Amino acid sequence: MVLLQLDPFLNELTSMFERSTEKGSVWVTLKRSSLKSKLQRNKLVTSGEAIEYRCLIRATDAKKTISTSVGPKDHQRFQASYATILKAHMTALKKRERKDKKKPAEADKREGSSKRSKKS
């Protein structure tokens, strides 16, 4: 697993999506991490220092795994770039067929209004 900076990570993620357009998948996982061992975290907690948590992001297709770490300062910029990449490369998804829920709901409203008028 390779820990990359933000921009190279996004570039490599884009190339992973392009390689997997015909066949394959890309898995992206996000996890809260302090990038410190449990022993180091316990020392920081006992000394009263605040632990700065980061977001560890991993992406993999079956052949290659990449990762990056995003801090709170870079989070907004990374999220905007990541969303743009996802929107651009999710063109193979099919639209879901939705059932009309309006017709049964309208029928229930009509029955409810007729019951009220009978009671009056």
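Remember, predicted model here, so these are calculated numbers, not experimental data. Computation of the quantities below employed the complete heavy-atom set of this structure, encompassing side-chain atoms and omitting hydrogens, waters and symmetry-equivalent molecules.
- Taking the side chain as every heavy atom from C-beta outward, F9 and L3 never approach each other to under 4.5 Å.
- The closest side-chain heavy-atom distance from T68 to R58 is not below 4.5 Å.
- Applying the ring-ring contact (aromatic ring centres under 6.0 Å, His included) rule to pairs touching residues 15-59 yields F17-H89, sequence neighbours excluded.
- Checked by atom type, the side-chain pair S69/R54 shows a donor-acceptor distance below 3.5 Å.
- The distance from the CD1 atom of I85 to the CE atom of M16 is 12.0 Å, given to the nearest 0.5 Å.
- Evaluation of the side chain to side chain donor-acceptor pair (under 3.5 Å) rule for S33 yields no partner, not counting sequence neighbours.
- Side chains of V28 and L13 form a contact here, defined as non-hydrogen atoms less than 4.5 Å apart.
- Heavy-atom minimum distance, S25 versus S20: N-CB, 4.2 Å.
- A heavy-atom distance below 4.5 Å is not found between the side chains of I57 and Y82.
- Partners of D74 according to the side chain to side chain contact (heavy atoms under 4.5 Å, CB included) rule, which considers only residues two or more places apart in sequence or in another chain, are L6, V70.
- Considering only residues two or more places apart in sequence or on other chains, D7 meets the salt bridge (Lys or Arg N to Asp or Glu O under 4.0 Å) condition with R77.
- Judged as a side chain to side chain donor-acceptor pair (under 3.5 Å), and not counting sequence neighbours, the contacts of T60 are T65.
- A search for salt bridge (Lys or Arg N to Asp or Glu O under 4.0 Å) contacts involving R19 returns E12, D61, not counting sequence neighbours.
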